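Encoded as structure tokens, the structure appears first; notes follow it.
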Amino acid sequence: MAPSPTGLLHIGNVRTALFNWLYARHEGGEFRLRIENTDTSREVAEAVDHIQESLRWLGLDWDGPHTFQLDRMDDCRRVADELVAQGKAYQDDGAIRFRMPDEGVTVWNDIVRGPVEFRNENLADLVLVRSDGRPTYNFASPMEDVWDGITHVIRGEDHISNTPTQINIIRAIGAELPIYAHVPNVAGADGKKLSKRHGAVTVAEFRKDGYLPEALMNFLALLGWAPDGETTIMNRGELVTRFDLTRVSASPAQFDYAKLDWMNGVYLRELPGEEFAHRLLIWLGENGYDWDAELVTQAARLVQEKIARLAEFPGFAGFLFGDVEPEPADLDGGAQILAAADEALASLEPFEAASIEAALRDAADRLGLKPRQAFQPIRVAVTGSKVSPGLFESIEVLGRETTLNRLRAAAAVAA
RNA sequence: GCCCCCAUCGACUAGCGGUCCAGGUCGCGGCCCUUUCAAGGCCGUAGCACGGGUUCGAAUCCCGUUGGGGGCACCA
């Protein structure tokens, strides 16, 4: 993986990185991280740390230390000088340009696209070294591939037109060519390049939105690849064992946020209860919520089946952690049932979901109310919302005192 | 403008010449379940871009058209 340190890690780059990682892990090879920082003017100070932090969170571990392209500046210059000496490159306004062949074709057998061919007459003489002495990306990149013994270059299709140029450089220095695989781009719902206006695009944003890295990996793996026509849910291990680069599609895929949400929900629900609570705690901590861990753990089990992203937790369970302000209109004139509920729960023992349910159903019966009519005002009174986790479990966790207070406060407004 | 790539339901895809009047998943619609919302179960909706070939036979192979995307920097 060879990101340039210009900002946060983009999800499209993550998809390409994932294919590299899956291929390397499947084949027992190495996955390398190279920071392509030859354009110092665009470099952002924090970017390298952000990129590594994001990769770690995603579980995309790389082999060996990460390298910086700029560290090979001197080596690149030396090669450029040799090429000039050999007549394969020439001085031009203080820069050094590579002399591309102007007849014939440059062809390579791309793993995902098959043979790709460019006429050499269409290849421009590439600037190898800028007039300020820094090598350019299209020179440094193939050189590093050679020096690092890169066997497979798996990158986005936006690099297709760079490939013939890079191949000619590698040939000129007499080194062996790597195998190339150009994977399709990831687009937004409009078919255009995935960007901010489509939704979350950086790893940091997906993390903040409460997606699980394993769900994100599963979803991304399916953008341009499928093991068969049936399987959609695959954990990391399954992805590694089943991944096959030759099955990667050549056509671009659109990023479907709705499907990601569904898949994240699947992963959330599959988590063991304690693990789900643990993930919630971590997410809450990362996002500035200082909520009681014990209460979060109790609340977790009430919402696990109901949310698709961790970020939905505060909206669903917030009533357990702070005061509520029910809309009087939502109480739906339920003064009677609220009073009845108050009475039914005031000295109920034990104060548990099952007994609470029995008591409230009994109260509803006596008022001749259908469950739906009776429980909705109580729900609004107690949780402050028309949508909530299971009412009886919620009341149990909330506790008698708070429940009764909210019931009374609401009864006063409803009347 | 030039170069390159791509083309199956709205989306992600399976399909690699007959087993496809095209299968799975998301979404969407309906029904069931139900204390709300979800989840779950069942049913349904919807597609091989178009035109020529090749072949006994094409979603699958070839050519063209159209459409979409990417690239044309002393950016990466």
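Protein chains get the first letters and strands the later ones, always in sequence-line order, with residue 1 at the start of each. None of these values were measured; they are calculated from a predicted model.
- Across the protein-nucleic acid pair, His198(A) atom NE2 and rA11(B) atom P stand 14 Å apart, rounded to whole Å.
- Applying the side chain to side chain donor-acceptor pair (under 3.5 Å) test to Glu214(A) and every residue at least two apart in sequence or in another chain returns Arg279(A).
- Across all strands, Ala95(A) comes closer than 4.0 Å to base atoms (heavy-atom distances).
- Comparing Phe219(A) and Arg134(A) along RNA chain B, the residue whose closest nucleotide (by nearest heavy atom) sits nearer the 5' end is Phe219(A).
- Comparing Arg119(A) and Gly229(A) along RNA chain B, the residue whose closest nucleotide (by nearest heavy atom) sits nearer the 5' end is Arg119(A).
- The base of rU35(B) does not come close enough to the side chain of Lys370(A) for any donor and acceptor atom to sit less than 3.5 Å apart.
- Pairing partner, rC31(B): rG41(B), with both Watson-Crick or wobble hydrogen-bond distances short of 3.5 Å.
- Ala187(A) meets the side-chain contact (heavy atoms from CB on, under 4.5 Å) test with Gln254(A); sequence neighbours excluded.
- Classification of Arg77(A) and Asp81(A) as a salt-bridged pair fails, no side-chain N sitting under 4.0 Å from a carboxylate O.
- Scanning residues 69-88 of chain A for heavy-atom distances under 4.0 Å to RNA chain B yields an empty list.
- Nucleotide rA11(B) is matched to rU25(B) when pairs are restricted to Watson-Crick or G-U wobble geometry with both distances under 3.5 angstrom.
- With sequence neighbours left out, Arg97(A) forms a salt bridge (Lys or Arg N to Asp or Glu O under 4.0 Å) with Asp92(A).
- For Phe219(A) and Phe255(A), the ring centers are positioned less than 6.0 Å apart.
- In this structure, the ring of Tyr137(A) has its center no less than 6.0 angstrom from the ring center of Phe139(A).
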- Along nucleotides 37-51 of chain B, 5' to 3', which nucleotides get a B, which get an S, and which get a -, given that the test is a protein heavy-atom distance under 4.0 Å? BBSS-----------
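- Here rC75(B) presents its C1' atom at 17 Å from NE2 of His10(A), a figure rounded to the nearest Å.
- Salt bridge status for Arg247(A) with Asp228(A): absent, with no side-chain N to carboxylate O gap under 4.0 Å.
- Contact annotation for Glu117(A): backbone-only contact, meaning every heavy-atom pair under 4.0 Å involves sugar-phosphate atoms and none involves a base.
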- Step by step, would you call Asn185(A) with Arg15(A) a side chain to side chain contact (heavy atoms under 4.5 Å, CB included)? CA-CA 9 Å; Asn185(A) 283 152; Arg15(A) 207 288 247 87; over 6 Å; no
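- Contact check of residues 322-330 of chain A against RNA chain B (heavy atom, cut-off under 4.0 Å) returns no residues at all.
- We find that Asp190(A) and Lys192(A) are not joined by a salt bridge, their nearest charged nitrogen and carboxylate oxygen being 4.0 Å or further apart.
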Contact list (N/O, under 3.5 angstrom) for nucleotides 69-73 of chain B vs protein:
residue, atom, partner, partner atom, Å
rG69(B), OP1, Lys192(A), NZ, 3.2
rG71(B), O2', Ser161(A), OG, 2.5

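- In this structure a side-chain-to-backbone donor-acceptor pair under 3.5 Å is present from Asn264(A) to Leu212(A).
- When Watson-Crick and G-U wobble pairs are counted only if both distances are under 3.5 Å, rU55(B) pairs with no nucleotide at all.
- Among the atoms of the strands shown, none is found under 4.0 Å from any heavy atom of Gly265(A).
- Regarding Phe68(A), its CZ atom lies at a distance of 16 Å from the C1' atom of rA76(B), rounded to whole Å.
- Residues of residues 99-115 of chain A that place a heavy atom closer than 4.0 Å to RNA chain B, in numerical order, are Arg113(A).
- The six-membered or imidazole ring of Phe31(A) lies away from that of Trp62(A), with a centre-to-centre distance of 6.0 Å or more.
- Of the options Thr38(A), Asn162(A), Thr165(A), a side-chain hydrogen bond (donor to acceptor under 3.5 Å, both in side chains) to Asn138(A) is made by Asn162(A) and by none of the others.
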- Stepwise side-chain hydrogen bond (donor to acceptor under 3.5 Å, both in side chains) test for Thr163(A) and His182(A): CA-CA 10 Å; Thr163(A) 304; His182(A) 288 90; 2.9 Å; yes
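- Between the C1' atom of rG15(B) and the CD atom of Glu230(A) lies a distance of 11 Å, rounded to the nearest Å.
- Contacts of Ser131(A) with the nucleic acid, taken as non-hydrogen atoms under 4.0 Å apart, include base atoms.
- Arg72(A) and Glu144(A) are joined by a salt bridge, as a carboxylate oxygen and a charged side-chain nitrogen come within less than 4.0 angstrom of each other.
- Leu391(A) comes within contact range of at least one nucleobase, with a heavy-atom separation under 4.0 Å.
- The separation between Leu220(A) atom CG and rC26(B) atom P is 19 Å, rounded to whole Å.
- Comment: Arg113(A) engages Glu157(A) in a salt bridge, judged by a side-chain N to carboxylate O separation of less than 4.0 angstrom.
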- Evaluate the criterion side chain to side chain contact (heavy atoms under 4.5 Å, CB included) for residue pair Met263(A) and Leu222(A); output intermediate values, then yes/no. CA-CA 11 Å; Met263(A) 190 173 282; Leu222(A) 260 17; 4.1 Å; yes
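- Between Glu53(A) and Arg207(A) there is a salt bridge, since a side-chain N of the basic residue sits under 4.0 Å from a carboxylate O of the acidic one.
- Applying the salt bridge (Lys or Arg N to Asp or Glu O under 4.0 Å) test to Lys196(A) and every residue at least two apart in sequence or in another chain returns Glu205(A).
- Straight-line distance from the CE atom of Met234(A) to the C1' atom of rG24(B): 12 Å, rounded to whole Å.
- The stretch residues 272-280 of chain A does not touch RNA chain B, since none of its heavy atoms comes less than 4.0 Å from the strand.
- Scanning residues 30-43 of chain A for heavy-atom distances under 4.0 Å to RNA chain B yields Glu36(A), Thr38(A), Asp39(A), Arg42(A).
- Across all strands, Asp261(A) comes closer than 4.0 Å to no nucleic acid atom at all (heavy-atom distances).
- Between Phe19(A) and Phe243(A), the angle of the ring planes lies from 30° to 60°, which puts this pair in the tilted group.
- Remark: Asp145(A) does not engage Arg32(A) in a salt bridge, criterion side-chain N to carboxylate O under 4.0 Å.
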Extract all donor-acceptor atom pairs below 3.5 Å that involve side chains of residues 333-356 of chain A and protein atoms in other chains or at least two apart in sequence.
residue, atom, partner, partner atom, Å
Asp342(A), OD1, Arg408(A), NE, 3.4
Asp342(A), OD1, Arg408(A), NH2, 3.1
Asp342(A), OD2, Arg408(A), NE, 2.9
Glu349(A), OE2, Arg400(A), NH2, 2.9
Ser355(A), OG, Pro350(A), O, 2.5
Ser355(A), OG, Glu352(A), N, 3.2
Ser355(A), OG, Glu352(A), O, 2.9

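- Side-chain polar atoms of Tyr180(A) and Asn109(A) form no donor-acceptor pair below 3.5 angstrom.
- Pairing partner, rA49(B): rU65(B), with both Watson-Crick or wobble hydrogen-bond distances short of 3.5 Å.
- Within 4.0 Å of Asp132(A), counting heavy atoms only, lies no atom of the nucleic acid at all.
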